[in-house]
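The chains referred to below are lettered A, B, ... by the order of the sequence lines, with proteins before strands, and numbering in each begins at 1.
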Amino acid sequence: MSDAAPQTVTSPRENRLFAAAKRLGTSVLPFVVVILVWQFASLFFPRFLFPSLIDVFWRCIDIFSSGAMFADVLATILRILAGLAGAFVIGGGLALLMVRSRAVDNFMSPILTLFQGIPALSWVVFAIIWFHGVEFRIFFIMVMTTLPAFTFQVLGALRAMSKDLMEMVFSFRPTRAKLFRVMIAPAILPDILTAWKVNLGNASRVVVVAELVGATGGVGYQLLQQQQLFDMAGALAWTLQLVFFVLIVQGALTLIENTAFRYRAVSERAI
Amino acid sequence: MRDTVTPLAAAIHLEHVSKVFGKAGTDSAYRAVDGLDLDVRPGQMLALLGKTGCGKSTIFNMIAGLTEPSSGTVRVSGRDPFREFDSFRGKMAIVFQSDRLLPWRTAIQNVELGLEMLEVPAAERREKAQLWLTKLGLGGHENDYPHALSGGMRQRVSIARAFATNANILLCDEPFSALDESTAGRLRAEFVRLVKENGKTAVFITHSISEALEIGDRIVVLKRPAKIAYDVSFDADTGREERELIRSRIGGVLAE
């Protein structure tokens, strides 16, 4: 008869559930801590400084359920997406031209670097002086602030493509369209998704500034209203709309990454 | 022992071909190939042998149409492979030194690559790719991504990819040099059998005398800058003693 203590045996399913719960707990924990600290602060500070998060929650529900207010959220989202899409298309085209021609590269690189150094707020001022239409102003600001990053990121991805793989595909004499489909697009997709993730965060910050100064609707405009009313709960609720949007799109991009890059080998040893 | 064939009948014809890298006439100019004349008969398996840096890969790239000669004429099946690049679609296939599989494609999708360029319908493409994978002993690995395959398996996928298009001309750039000798020996034997069975013209670059003797029915030894130093043809009837004589001559030429 063995004297060894009886061991608890867990099934693989239980192990997976435990691991999933642990992952979820780890990712949720920082938010829970922030929420608790804020809620604790709301007990001791005036409402206009630290409003109760319950109030903020109900303000969020008001925004979701009110057609007029939710239209402001949608307007901001559309402005972000249109600006990013515009910058991506123009930046991708520029990057292709720059990778094909040294002259274009030599000409465009300093200009884009210069653009990168111009603050978002300056573009807002330029747009207000140069253009009349609100939507075009915001589109212009969004494109100009995200264009250099998109261009340099796509350019870097095109330059980093494997010469060996390119030669291999070339040896089959592909048409331009096929070369793009079988080689270029899959090779640069990881960098494009990263560029979208990075620029999405930037764009959501810039759009608020653009709307704050030059629009009559949208999250930025609503934030200005809350500032004038000294309504912190409202300001937080409107800010959270953008945060939710960024989180949802980042989640969608991560989902695309997980599906599109399942071919990648995963090392059991982390960095 | 030199192999001769009229240029018109040659599958591959190189006449006074030179290739200079860098700006001609400057110190940075490097002459990789210097006035090379070479003809390869249809159905011949030519092993191009030479030390590292003797210009083998430059010749290979010029025949493949990936590099333009600085002077001279390169013709493959009577056409210029560089200027008439697209006209060789499906007529020339290459097996590279490394497998060069697209990491985002499964084994079968990699084999289908050349067939996609030829607009072969999807069902037929899949059937042909499957056939070649099975012939090369990779049945059951169709849906594996390259990272899940061993080096030998990946190189077999790349051979299947080259054969799947049924190209008449096969160019191979030391395709087995990165593999262990036992795997390389097996693949080499498979490769020779497939080339013979399918009546291909093949140019096989190597720096191993044994591999050249095993693969080729003709061996051309190159000396830097790519000039023919020795050219010998033989066949299955060539006796062991004669092969040993060829081996020692090649050894002597390479040692010079």
Would you be so kind as to tabulate the donor-acceptor pairs closer than 3.5 Å made by side chains of residues 54-65 of chain B, with sequence neighbours excluded?
from, atom 1, to, atom 2, distance (Å)
B/Lys56, NZ, B/Gly50, O, 2.8
B/Lys56, NZ, B/Lys51, O, 3.2
B/Asn61, ND2, B/Ser57, O, 3.4

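- Salt-bridge annotation for B/Glu68 and B/Arg83: present, with a side-chain N of the basic residue lying under 4.0 Å from a carboxylate O of the acidic one.
- Checking B/Asn166 against B/Lys200 by side-chain atom types alone, a donor-acceptor pair falls below 3.5 Å.
- Both the backbone and the side chain of A/Ala187 have a heavy atom closer than 4.5 Å to some heavy atom of chain B.
- With no hydrogens or angles considered, no side-chain donor-acceptor pair links B/Gln44 and B/Thr201 at under 3.5 Å.
- Of the atoms belonging to B/Arg105, it is side-chain heavy atoms, and not backbone ones, that fall under 4.5 Å from chain A.
- Under a 4.0 Å N-O distance rule, the pair B/Asp86/B/Arg89 qualifies as a salt bridge.
- Contact of B/Glu116 with chain A is made through backbone and side chain together, with heavy-atom distances under 4.5 Å.
- Identified by a heavy-atom distance below 4.5 Å to chain B, the contributing residues of residues 139-178 of chain A are A/Asp164, A/Leu165, A/Glu167, A/Met168, A/Val169, A/Phe170, A/Ser171, A/Phe172, A/Arg173, A/Pro174, A/Thr175, A/Lys178, in residue-number order.
- For the residue pair A/Thr113/A/Gln116, the side-chain donor-acceptor check at 3.5 Å is not satisfied.
- With a 4.5 Å cut-off on side-chain heavy atoms, B/Arg75 and B/Thr73 count as touching.
- By the 30° and 60° cut-offs, the orientation of the rings of B/Trp132 relative to B/Phe163 is parallel.
- The contact between B/Thr165 and chain A is made entirely by side chain atoms (from C-beta outward), counting heavy-atom distances below 4.5 Å.
- When heavy atoms are compared at a cutoff of 4.5 Å, B/Phe88 approaches chain A by way of both its backbone and its side chain.
- Neither side chain, B/Thr106 nor B/Glu142, offers a donor N or O lying under 3.5 Å from an acceptor on the other.
- Looking at B/Leu101, the atoms closer than 4.5 Å to chain A (heavy atoms on both sides) all sit in the backbone: N, CA, C or O.
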